[in-house]
Structures are given as C-alpha cells and as structure tokens.
There are 6 protein chains.
Amino acid sequence: MVEHIASEVDELVLGIGSADDSHTRHDPFTAGERIMMVTKSLADSDLVIYPVPIEDLNRNAVWVSHVRSMSPTFDVAYSNNPLVVQLFSEAGVEVQQSPMFDREKLEGSEIRERMIVEAGWRELVPPAVVDIVEEIDGVERIQRVSDTDGAAAQPNPSGSTDPE
Amino acid sequence: MVEHIASEVDELVLGIGSADDSHTRHDPFTAGERIMMVTKSLADSDLVIYPVPIEDLNRNAVWVSHVRSMSPTFDVAYSNNPLVVQLFSEAGVEVQQSPMFDREKLEGSEIRERMIVEAGWRELVPPAVVDIVEEIDGVERIQRVSDTDGAAAQPNPSGSTDPE
Amino acid sequence: MVEHIASEVDELVLGIGSADDSHTRHDPFTAGERIMMVTKSLADSDLVIYPVPIEDLNRNAVWVSHVRSMSPTFDVAYSNNPLVVQLFSEAGVEVQQSPMFDREKLEGSEIRERMIVEAGWRELVPPAVVDIVEEIDGVERIQRVSDTDGAAAQPNPSGSTDPE
Amino acid sequence: MVEHIASEVDELVLGIGSADDSHTRHDPFTAGERIMMVTKSLADSDLVIYPVPIEDLNRNAVWVSHVRSMSPTFDVAYSNNPLVVQLFSEAGVEVQQSPMFDREKLEGSEIRERMIVEAGWRELVPPAVVDIVEEIDGVERIQRVSDTDGAAAQPNPSGSTDPE
Amino acid sequence: MVEHIASEVDELVLGIGSADDSHTRHDPFTAGERIMMVTKSLADSDLVIYPVPIEDLNRNAVWVSHVRSMSPTFDVAYSNNPLVVQLFSEAGVEVQQSPMFDREKLEGSEIRERMIVEAGWRELVPPAVVDIVEEIDGVERIQRVSDTDGAAAQPNPSGSTDPE
Amino acid sequence: MVEHIASEVDELVLGIGSADDSHTRHDPFTAGERIMMVTKSLADSDLVIYPVPIEDLNRNAVWVSHVRSMSPTFDVAYSNNPLVVQLFSEAGVEVQQSPMFDREKLEGSEIRERMIVEAGWRELVPPAVVDIVEEIDGVERIQRVSDTDGAAAQPNPSGSTDPE
C-alpha cells in the first residue's frame, strides 16, 4: 500500500493507531515495536516517512483534532476505514480510498493467525519485520495473549504474589 | 415517555447519557446534537426541561455522585435500565419504573436501523428531529459508522497521510 | 488456592484486580467489599496477607510497573492468566502456574450464576463471604446488574429526573 | 454580561467550564448547582438559554472540538479569555471580545472572597443565587475548602477510618 | 496519631492517599512502599489495620463514593484536612477532628526536609521505616526528585535516547 | 546538544515530552509542530532520527514503561532532568548527563520570552524553525496564551455562544 501511495506523494505520515495498546491478539506489538517494523522495512524507500504513534482518545468527536495535534500537517488522508473517512470528511479533510488498501488489513489478520499456529507467516512480511519479531520473541507473545483474549481483556492479578 | 412523566412533574432533567460518545452505530449523534433534538422537539411543552450531558465515567460505584454533580437537584429518577435502578436505589434515590419506557429504547434501535436502510424513519420521530438529522447529514453518518462498527470500535489511522 | 500457596510462602499480596469495576455481572462487588471477603475468610490463617486493590490502567505495556507501584515488593507471582504470565515474564518476574488455580476461576463464574438463580451458592463460599453478601444485599445486586449486562455496559440515564 | 449579549442574539449557549471541578476555592459549586443558578437567575429573560457543562479535557489542541460536540451549534463565541480566543480563532470560529466581560470575572473573584469573610456578597448576586447558596450551605463550603487550598489540592485521606 | 485512634476503635482502615503519585518531593514513595512502612511499623499493635491505596480521581464531587468503593465499610472518619471534612460531611459521614492530627502532617514535611539534607530524620520515624527507606535508596530518590520539582512537575524526556 | 550526542551514536530517538500539551506558555506548540521543527532542522544530519511524541501519564512509577512502549528500543538515555535520571536509573537504564544539556533548556525559556516581546528570537533557532513558526502564526499564539497563563490554566468558556 505504501508503494502505491509513494507514487503520489513525497512525504508520508504513517499513523500508528491504538498506540497505547499492546499484548492483545489484535495489537500484539507496542507502538515502539511497530515504529521499528515500519522504518526498518521502508529504509530503502525514497519516501520521507514520519511514523507517528496516535493513542486512543475514545472520543470520536475530537479524534481529528487529536490526530492533527500529534502529526506534522498533511494535505490528504489515505484510509479505507469508514469511520476514519467519515470523521476526516466532516472536518473538511480530503480522504483517498482504494479497494486495494483492504488487502493490508486482511493480511494483518492472516499474519497474526499464522503466527499463532507458527505456520508460514515469514513469507508474508518484509525480512526486517521477521528480525524484529524474533528479537522480541513476538511469536510466543502473540500465542500467549491470544489464549487470554477470549477469557478476559484485562490482565487480572487473580493469582497472588509473595512479598519479600 | 416525556408526556407521561410531564403529567407527574413540573420540571424535568433529561440526562444525555454517554455524552462523550458519537459517530457509533449506538450513539451516532453528539451530545450537542442530541440536546438540540430534545429541546426543539419539546419546545411547545409546558414542562421546564434541563437537558444535561453526562459523560461516561466507567466506574459504577461513583456514577450516582457523578450524575448528581452534573445535574440540578432532583427528587425522583425515572428509568427502566436495571443497572441505573440498582445504582440509584443503593444511593437512596427513589426510582420510578414503567414498562412503557421500554418502548422508547426499542424505537431508538428501530429508528437507527431504518436510517441505515433509508426506509421510513421520518414518521417515527418529531419533525424537529428530521430537520436536525438532515442539516447534519445524519443518515450518511450513521450509514458510514455502522459499516465500521463490526470491524473496529476505534478510528484506526491505518491508512496514511501526506505531510505538506 | 491460597491454602496451596500458603505452604510455600510466609506473606502473600492478594491483588484485587479491576478494582475500579463493580456492579457488573463479572465484578458485582466493589474492591472494598472484596477486601472484606478475603480478610474475613482468611482471618484464621497463619499467613500475613496484604489485599491490594489494583485499578485497571488499560495499558498492558505499563501494567507490571503499575502493579509493582501499588504492591509491597514480592519475589514470585502466582497466576494462570496467560496475559499476566506473559507480562510478568517479559519484565523478568518469576511466575508460578498450576492447573489447580483454574478451579478458582471456574468456581467464581459458577458461584455468580448460582447467585443469579438463587440456588446453592452458599455452600461454595466461606461463611464470612455469605455474611458480607447478605449484609450488602449482594444477591439482589447481581441479579439486577446481570439483567443489564446484555443490553448496555454503561448506566444509561435515558430515563429522566425530576428537579426540585 | 448576558444582558449585553441578549441584545445581539436570540439564543445563547452558556458553557459551564471546568464542569468536573467543585469544592475548590475557584470553583466551589458543582456544575449542576451552577446550572441552577444560571437558569433561575435568567428565568424572566426572553432569551432561550442552554446551559452546557463542559468538562476539562486538559488538551488545548482538541478543546474546540470537545466544546462543539457538547454544545448545540453556534455562530459566534463571546469570551475575553485570551486562550479561548486563540483556540476558537485557530479553528475558524468568530469570537466577540469586550472589555465589559472582564467585570464579571473580577466580580466572581470578589464575591468568593466576600463569602469567605461573610461580608456583603448577597448584594452582588441575583436573589435566585442567594437562595441556592443558602440551600446548599454554600458559604460554609467555600470557607472550608478555601482553608485547604493552600495546603493541598487533593482531598488527602491522611486520617483514617473505622471499619464496621 | 494511630495510637490515639487505637484507643477508640478495634479496626482501622488507613487510606493511602494520592496512591498514583510517587517520586515527587511531596510523595517520594510509591503506594506499595507506603503500605510496607505502615504495616511493618504497626506490626506489634493489637489493632486490625487495613491499608488501602486510594488513587486520585481529581473530582471532589465523587471522591467520597470513590473512597467508599475502595475501602471496607467504616463508621467514623478521622481527618483534619478541611476538604476531606467537608466532603465526608456533605455525604453524611461522621468525621472526627483533633488538633493533634496536624502534628503528623508537620512531621511528614519536616522528615522529608531532613532527608534531603541527610540530617537527623532517622530519629523521627519508626525503625521499620528506616529499614525500608534504606532498602530502596529512598534518601537518594527524594534528593533527586526534589531537585526537579521546582523546574518541572513532569518527567520531560527532553534529552534523547539511542535506539539499538 | 544533538550535535554532541551525534558524535557518540548512529541513531537517536528524540522524545517529544508532554505531547498532549500545546497552547501554553511552556509548550506553545503541538507535538506535530515540534516534530516538524526537529526533523526539518536536522534534515542534513547524518544521524537517523526518530522523533517520538510521549504523552504525559502523570504516574512517575510507570513512566519508564510508558516511554519504552512508545519508543524504538534504546541502549542509553541522555537527560539532565533529575527526575528522568532517577526514573531511568531505578529501572536499570544507563543515563548520560552533561552540563551542556542545560544550555538548551535555558535557551528554550529565553526564546519563548523573546517571542512574546517580539525581540531577537530568530537568531537563536535554526532557519527551519523560523519558517514553521511563521507559517502557523506561532508568535501571535504564544503572546495570546501567555496572557492567559497567569489567570487560568484551562480554557474557560465563561463567555457564551450563540446557537444557530
């Protein structure tokens, strides 16, 4: 997707959404780990890239202002998420949609499923991402947290601990 | 429902719940838009009405204190939501329940479904609400955000943006 | 479970998770009520017990730091929750798991279901817990809030109130 | 000030700022109490008035979006607070300033000081406000919380409590 | 102070205020560290003591509900903080005040000042507190964070870091 | 300061602190504007630079975990802020301090003061920063918000607004 956009622009802000989430089935990696994956993978690109972590505010009505305050100024937004399209449109920001962007989302989900069963995820991602996932034991992490997801969204210290 | 209550009281505080939510399938409109709908619809009523936006605190144990701090003082609460009934009761506030209040909730859901398919929602709401929904392109909004709801609760800037 | 751990340690920090939750089907009781249940039930134990309420931060990446800041220092953590195990492990904290800890979770769920139908929950809990639940009308509370859970997670003041 | 504005507009949204603050020297009253003061004082006015509590978000960059989402739509904003003027101006909202608005702020501070020493505050406020302040023991409240302000902004349960 | 109260009650909830604060001049220690200081110091007392960390909610109007939800139920509150007295009184909770409680506050401040200059703080605290402060290098901590306090309340990563 | 560090490292994460602050005397610019200033100013450097906005969490005890989750991994931290030094040290992160880093802080304050009086701030900053400040009318902004700071930290909609 970035390659497609790269043909249209010189500089690209890559919003890292839900930057405060990590260690879940949907967002197994921290914002910092996702920044490394993006920048290492696109290191050879001619594009100037700004990866910007965007924490969730949980208030749709102020989300565009929040993104704008965290990001360098931008002219056009690229997204296929209907809520994002709606929020940017109401705020008067031009949004570009393209069916091909969906592919990425599908693959994101597919890659996570393959990681959980340890089957063939490496060929779906750039080599730089493989390196980072292995360095942080990412496969073990996503397997463990996926176990939990169904049961409880919160880490629940229902067990107990032994004070010194 | 308001008509029913109007026969029993002179002044009415209308709590606008989840006031920080908007642009979702369940709460497509902002608190401000909901205030306008309520006040324009009830403009001819003899009742003195206070619409009060109540943001979610996500802590049931302090919710009654939160409502009381945001609202003019009140003697009786009207609700059919069992959690609301429980919380007010534990705090010693008298609560009135009535099966007819449920009708409103059902209609709220029904109206939103009809808006999504653009079929016959206008006859279920007061003319003032039709005006406001059309002024803010509310039908397009609820259609778009309903598309998203299933996929992801958060606006996810997974697309990218073009810095100036 | 505490008995099992008691044979291995002298002092025990009991983390009360989701301490800011209450009045839900999953967490019907406040943190304070849960502290009373634990301390009254274990009053005769030789173990020194520290019940520590841990509010949810909703950020897995900082959760271990949060627990550590709220708790007396500890050497070993006991949990079967895979997310808890993963988070403590990444932070270098030793975690003990045991299949028998699951029993507790199952029973927690079972006890709540029995309370809702008012059938045979008393024999599954210590007498001190029965006393506290009855003192706070806990059965009525869990019945009411379970009614709501399916419909809406938030107390929704969709009803209205009568100002003085 | 409202009288001055009333000559220019038909409808007025009165933003109740820092709606989540109360029991401090600067904001002794809850948002609900402030709503009552405003509506009772202006009950005889021809103006249609919407008092809207606005909770602090502590993020200047999203503040205008926050206000807009909580408020009925508006054409012109009236304020002499330079930060408010700056934020609305950056967002393209017309702002009206007038030296006379300052008088209100000064009087707000003066009235609170007089309440603390119980000297001559009644003649500076409308009779409806006197009634409400007396009903809620407002003078005692502001005296007590002003005592604390210098020492600590937070209620500090440094004392202790006696469990049943 | 606890000794004085101990003569009047059998069980005591010790609220650990601002439990989410630490590493500041006013609150140099974490809630967990404060729990250890209290429980080790009072280990020989006949009193049953419940130390309960209370995180700041920054909303005075809901503070009493918050404390109640985190604490075992209690009959009487002991405090000399005028805001605490006011909030409990408005909520109908009996509060005991005593001039001698102030001494503790003064000593807290005095002890911290002495720690900063490393002069004679040990004789003002119980031996158990000396042990804990030394174990966690507490004197160095309070010296460092007191340096910062004047300049900036937030840790400001204005420096920079070296990614691997 | 960056030049000094550049001689020691190949890659640099630049933490943009208090990223959620803007429009104040201390932090007049948004995180996004600060990212642009940094990246444009250092565009010719050989250093690989990652500017990472870090929102305030207001919990010192979890701050290091928060920074780590938002940032690419790093080996050494550079800071002269004593609180930052203390927090990183307690977490086992190596911190480099240098008297020369202070110069930057002093100049930051000096530059803001000069902007307010419109006197000689341009020669203290790189040309790229001058361009950005002028593009966003930054001088007018800092003048306005500095006016407010003394009076009230919050935008206070004490004025009123005119609904359509």
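Here the structure is a predicted model, which means the values were calculated and not measured. Residue numbering restarts at 1 for every chain, and letters A, B, ... go by the order of the sequence lines.
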Nearest 0.5 Å, what's the [atom1]-[atom2] distance between [X] and [Y]?
X       : Y       : atom1 : atom2 : value
C/Met36 : E/Glu11 : CE    : CD    : 10.0 Å
E/Thr73 : C/Ile35 : OG1   : CD1   : 11.0 Å
C/His66 : E/Thr30 : NE2   : OG1   : 12.0 Å

### Message
Which atoms of C/Ser69 are under 4.5 Å from chain E, going by heavy atoms: the side chain, the backbone, both sets, or neither?
### Response
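Contact with chain E involves both backbone and side-chain atoms of C/Ser69.
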### Query
Which heavy atom of C/Ala19 sits nearest a heavy atom of E/Met70, and at what distance?
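C/Ala19 and E/Met70 have their closest heavy atoms at O-CE, 3.2 Å.
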